[in-house]
Amino acid sequence: MANTFRSFSKASIGTTPTTAYQLEHSNSGKTAILIGIALSNTASTPINVDVQIERPVTGDAAAPTEDVYLVKNIPIPSGSTLEIMAGQKQIMQIFATGNTFVGDKIVATSDTASSLDVIVNSLEITS
């Protein structure tokens, strides 16, 4: 079993939902534990941000298939950074859909164009 710490970043996110992290889906033997998500306002005015976990629809009643918000419409002052995972952990998984594998992803959106930088830190575990 291999454990790998990974860090992903996405700059200048705006009003279009943008993937900040997706669990690679080359096989079903991988899981990730999100250990940190930092949201930074790079605009000169306050912004409101949404961050979601998007889960694939698998048709498997035992698999979670709903997209859920980690934060919705949360304000971030100009020039500030918000840590939304403080003291929490989230598990990201890969699901089989027919003969393919699809991984959970973190999607972020701001209410202001090109105003949000995101850093996602995870521990990826491969069996």
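For the single chain, residues carry numbers from 1 onward in sequence order.
- Partner Lys10 forms a side-chain contact (heavy atoms from CB on, under 4.5 Å) with one of Val120, Thr18, Leu116 and no other, that one being Thr18.
- Ile76 and Val71 fall within the same hydrophobic cluster, defined by Ile, Leu, Val, Met, Phe, Trp and Tyr side-chain heavy atoms under 4.5 Å apart, directly or through other members.
- A search for side chain to side chain donor-acceptor pair (under 3.5 Å) contacts involving Ser9 returns nothing, not counting sequence neighbours.
- Across Val118 and Ala20, no two heavy atoms sit closer than the pair CG1-CB, 3.8 Å.
- Sorted by first then second residue, the salt bridge (Lys or Arg N to Asp or Glu O under 4.0 Å) pairs that include residues 69-91, not counting sequence neighbours, are Asp50-Lys72.
- Under a 3.5 Å cut-off, the side chain of Ser122 and the backbone N or O of Ala32 do not form any donor-acceptor pair.
- With sequence neighbours excluded, no residue satisfies ring-ring contact (aromatic ring centres under 6.0 Å, His included) with Tyr69.
- Distance check, rounded to the nearest 0.5 Å: CZ of Arg55 to CD of Gln93 gives 6.0 Å.
- Residues Leu39 and Ile84 have side chains in contact (heavy-atom distance under 4.5 Å, counting atoms from C-beta outward).
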task: Dump the intermediate steps for side-chain contact (heavy atoms from CB on, under 4.5 Å) on Leu34 and Met92, then the final yes or no.
output: CA-CA 7 Å; Leu34 295 182; Met92 306 289 281; 3.7 Å; yes
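- One distance of note links CD1 of Ile125 with OG1 of Thr31; it measures 6.5 Å at 0.5 Å rounding.
- For the side chain to side chain donor-acceptor pair (under 3.5 Å) test, residues two or more places apart in sequence or in another chain that qualify with Ser7 are Asn121.
- Within the structure, the salt bridge (Lys or Arg N to Asp or Glu O under 4.0 Å) test picks out the following pairs touching residues 113-127 (sequence neighbours left out): Arg6-Glu124, Lys30-Glu124.
- At a threshold of 4.5 Å between non-hydrogen side-chain atoms, the residues Ile33 and Gln90 do not count as touching.
- Partners of Thr81 by side chain to side chain donor-acceptor pair (under 3.5 Å), not counting sequence neighbours, listed by chain and number: Ser40.
- Note that OG1 of Thr19 is 10.5 Å distant from CD of Gln52, once rounded to the nearest 0.5 Å.
- Between Thr15 and Asp111, the closest side-chain pair of non-hydrogen atoms is not below 4.5 Å.
- For the pair Tyr21 and Val107, the minimum side-chain heavy-atom distance is 4.5 Å or more.
- Between the CZ atom of Phe8 and the CD1 atom of Ile37 there is a distance of 12.0 Å, given to the nearest 0.5 Å.
- Rounding to the nearest 0.5 Å places CD1 of Ile47 at 11.0 Å from OG1 of Thr109.
- The CD1 atom of Ile53 sits 11.0 Å away from atom CG of Leu23, with the distance rounded to the nearest 0.5 Å.
- Residues Asn41 and Val49 fail the side-chain proximity criterion, which asks for heavy atoms closer than 4.5 Å.
- A donor-acceptor contact shorter than 3.5 Å links the side chain of Thr42 to the backbone of Ser115.
- Residue Ser110 comes nearest to Ile13 through the heavy atom pair CB-O, 4.0 Å, listed as atom of the first residue, atom of the second, then distance.
- Considering every non-hydrogen atom in both Asn3 and Leu123, the closest pair reads CB-CD1, 3.9 Å.
- The backbone N or O of Gly103 lies less than 3.5 Å from a partner atom in the side chain of Gln22, making a donor-acceptor pair.
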